[in-house]
There are 4 protein chains.
Amino acid sequence: MSKYEKIRQEAYAANMQLPKLGLVLFTFGNVSAADRNLGVFAIKPSGVPYEELSPENMVIVDFEGNTINGILRPSSDTKTHAVLYKNWKEISGIVHTHSTYATAWAQAQSSIPIQGTTHADHLTVDIPCAPPMSDEKIAGNYEYETGYQIIDHFKNLGLSYQEVEMVLVANHAPFTWGKTADKAVYNSAVLENIAQMAQLTQGINARAPKLKEALVKKHFERKHGPDSYYGQ
Amino acid sequence: MSKYEKIRQEAYAANMQLPKLGLVLFTFGNVSAADRNLGVFAIKPSGVPYEELSPENMVIVDFEGNTINGILRPSSDTKTHAVLYKNWKEISGIVHTHSTYATAWAQAQSSIPIQGTTHADHLTVDIPCAPPMSDEKIAGNYEYETGYQIIDHFKNLGLSYQEVEMVLVANHAPFTWGKTADKAVYNSAVLENIAQMAQLTQGINARAPKLKEALVKKHFERKHGPDSYYGQ
Amino acid sequence: MSKYEKIRQEAYAANMQLPKLGLVLFTFGNVSAADRNLGVFAIKPSGVPYEELSPENMVIVDFEGNTINGILRPSSDTKTHAVLYKNWKEISGIVHTHSTYATAWAQAQSSIPIQGTTHADHLTVDIPCAPPMSDEKIAGNYEYETGYQIIDHFKNLGLSYQEVEMVLVANHAPFTWGKTADKAVYNSAVLENIAQMAQLTQGINARAPKLKEALVKKHFERKHGPDSYYGQ
Amino acid sequence: MSKYEKIRQEAYAANMQLPKLGLVLFTFGNVSAADRNLGVFAIKPSGVPYEELSPENMVIVDFEGNTINGILRPSSDTKTHAVLYKNWKEISGIVHTHSTYATAWAQAQSSIPIQGTTHADHLTVDIPCAPPMSDEKIAGNYEYETGYQIIDHFKNLGLSYQEVEMVLVANHAPFTWGKTADKAVYNSAVLENIAQMAQLTQGINARAPKLKEALVKKHFERKHGPDSYYGQ
């Protein structure tokens, strides 16, 4: 058994969740799963339909973005994944989709305001939207710069990637991550759901206030931290 | 056969209806079924995926919120269920979801105006939205206080929990109830449908009037009370 | 074989189409199929879930609204069906639903403007919305009066029920009809689709003009009348 | 084996994709597949439900719109297909649907602004909306003129049909095309997705800017042209 078998299987299974959760049309999405010991990740091959995916055709790439193992070309977004893995040491799964509602917020160049406990169950701040990139970065090493656009935006806002596991990239679409590929997929589905609720909330009451701080704190602590009491 | 078998089966079957009706993403919902003679209710365990549920892993809890029987930790919303059962003697089923449209109205901190007979077939007033809780209550016994927030709002509006079997909790999401767990699930699906119609109605005509009183009365009486003639 | 077998089968099959087409939640809809020679129609029993329907439990009713054959109570909307059959001699199928988008327009008390060829393929005018009924009519023989509310609105607008096979009843929901129950179901699905498109069109461009007369005429004549060339 | 077997099979398979992709209600759509050597295309018969389609009942038509082979009458939109094939030599597949979101934009008589990379992955300009036709053209050879309405609009805007493979026809609905029928179906699904995202984006931020030129260029070149690196 190849030493890459585990992450290939993990990346494959996580990629196959995307169409089931209604998060992708055709091939508009990709998931990767990292092995921190080996310093590599397995990622969906570029442009291959979900029904033709298998654990074997996942591509193995290192954190510089070099293909290490695999016949097919990796996802065109591979360098964004590599940059995030290289800089954010505690994550081992990343998802990129063009899910409908989250992408609409990204196109509107707007962060998603925290207005309910569904949101607060997962993060305590607005879902950030990284600004459009400069023309130089776009014309240069685009996917690589996309990774740094996300990282720089987190630095500017003083956000922790371990507490906020999702971002919108303006005019583009969402990225999510987590300790595993499964958790990153979970975060993509949660983000899409929050994005839809926020869009509807705004339509019902354009002046709906943000969630009060006490409620943000309470709901987040129900699910996270030493005093959490959600789950088993 | 355990004396809890009946409500475990009932709670299990009712919980399994939620994903089928499109009312939950992942584990974002819970149903309980009460046995009034035994003074307990069966409720979904916290954070367990629907596909892993069984009648056996439903948790038995009394009306003070104490776990009586069961290995797993009960839903994090258990105390809200307990408070409602303790105070409202005629209900034996409660549902909590974060269904998309109803939650959007809750996030907008708005009651749902009665604008059509789909609404009037089920209740004669706007679907109430309990106001955000005080910081003290949130920081205190939160889920317990959520139950009283609902009960107090019904008292303030002069509503009967037997006539109005659904509520939004501002910034959070809906709760519904009924004489059985099945009826409470039915009410959750009806609420989501009414919430979607109301959101669309507002978009088409922001000044659409409420339903006239004669029509409210007529439609409610078709389905409820001594002269009802709906159903068999 | 009973002389009612044919319309019972027809009404049953047409009723079963409603959940498949996404037009009903629970039991919120009903279809009837008439036999003009016998002067009766078969209609869904009131409040019976779709999965429990059978040709046998369809109820046979005459055009005065009297039950002629059948054990169960007919749909609570039966008298509306009876009035329409009695007055409009050329129809043999009627459908009532609370489908989401069409009901939202009814709640908004607005006719649906003709803005595209999907609409013009089926009728040449706005989809009419009958006004709210008077309190006297509501308190009186409500379902019977609902039938006349529709008929009177068609008279007032100078519409032909043979050319316009659908209507919204303000604050309530749509009714559709046709030469067969199948055609009436088809019209319900078309109406829901047109209602959704019109709601979206209004959101994109609140001042979108109505379809020009030449295009209305052309599209309708492609599908209807002596020079039609749609279909086989 | 008939010389038309290949395009009949291709047109059949492509037509069957439409209901699976949620792009058609009943028979409101049609796909054709052309054989450039034979100078003909296979197209869906008019008004035949998808479940009754077979490769055998696809109709063979030449680029003047004359039926060459087949028992059934071809789609009522056949002449529009013929005109496009005749004038645009590099396409061999055409799709027409009334998909909900794209049709709403057509009814709003609005092109779809380019606001995100999902759009830029497929074309570098707004999705064009051909203006309403003159009354003379509508009353004349309507479907034939629809083809020229599209072609003239592309000429007026200086667009290449090889770079922009989709169009809205005002008050009507979308047409898409491509080198194969499969590619044209793909374009129809992509258009519907972009149309929905654009409608949502406008609702969130009515002043959302268009995509910056550098990003348009970058994303299009990732998928198209000599330096593309998307796919295998």
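Atom set for the values below is all heavy atoms of this structure, side chains included, hydrogens, waters and symmetry mates excluded. Just so it is clear: chains get the letters A, B, ... in the order the sequence lines come, proteins before strands, and each one is counted from 1.
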Checklist entry - For the residue pair C:F28 and B:H122, does the interplanar ring angle fall in the parallel (under 30°), tilted (30 to 60°) or perpendicular (over 60°) class? => result tilted
Next on the checklist: Quick check on the interface: out of B:H219, B:E213, B:K217, who has the most heavy-atom pairs with chain C under 4.5 Å?
Outcome noted: B:H219
Checklist entry - Taking every heavy-atom pair that is under 4.5 Å apart, which of B:I204, B:L200, B:V190, B:N205 has the most such pairs with chain C? => result B:I204
Can you name the nearest heavy-atom pair linking [X] to [Y], along with the distance?
{"X": "B:Q115", "Y": "C:N171", "value": "O-ND2, 3.1 Å"}
{"X": "C:R73", "Y": "B:Y230", "value": "NH1-N, 3.7 Å"}
{"X": "B:A214", "Y": "C:I138", "value": "O-CG2, 3.3 Å"}
{"X": "B:A208", "Y": "C:A108", "value": "CB-CA, 4.0 Å"}
{"X": "C:H98", "Y": "B:M197", "value": "O-CE, 3.0 Å"}
{"X": "C:S76", "Y": "B:R222", "value": "OG-NH2, 3.4 Å"}

Item to check | side-chain contact (heavy atoms from CB on, under 4.5 Å) partners for C:D126, two or more places apart | outcome: C:S111, C:P113, C:I114, C:K210
Checklist entry - Which of the residues C:M133, C:H172, C:E136, C:Q109 is involved in the greatest number of heavy-atom pairs with chain B at under 4.5 angstrom? => result C:H172
Next on the checklist: Taking side chain as everything from C-beta outward and backbone as N, CA, C, O, which of these in B:K223 sits under 4.5 Å from a heavy atom of chain C? Side chain, backbone, both or neither.
Outcome noted: side chain
Checklist entry - Which atoms of B:H119 come close to chain C, meaning under 4.5 Å heavy atom to heavy atom: side chain ones, backbone ones, both, or neither? => result neither
Item to check | OG1 on C:T78 to OH on B:Y229, rounded to 0.5 Å | outcome: 10.5 Å
Go through the atoms of [X] and report whether side chain, backbone, both or neither lie under 4.5 Å from a heavy atom of chain B.
{"X": "C:S134", "answer": "backbone"}
{"X": "C:Q202", "answer": "side chain"}
{"X": "C:E143", "answer": "side chain"}

Checklist entry - If we ignore angles and hydrogens, is there a donor and acceptor under 3.5 Å between the side chains of C:Y142 and B:E221? => result no
Are [X] and [Y] side-chain neighbours, meaning at least one heavy-atom pair lies under 4.5 Å?
{"X": "C:T103", "Y": "B:Q196", "answer": "no"}
{"X": "C:L25", "Y": "B:E192", "answer": "no"}
{"X": "B:L21", "Y": "C:F26", "answer": "yes"}

Next on the checklist: Looking at C:D135, is its backbone amide N or carbonyl O close enough to the side chain of B:K218 to form a donor-acceptor pair, meaning the two atoms are under 3.5 Å apart?
Outcome noted: no
Next on the checklist: Can you confirm whether more than 12 heavy atoms, excluding those of C:Y148, are under 6.0 Å from its OH atom?
Outcome noted: yes
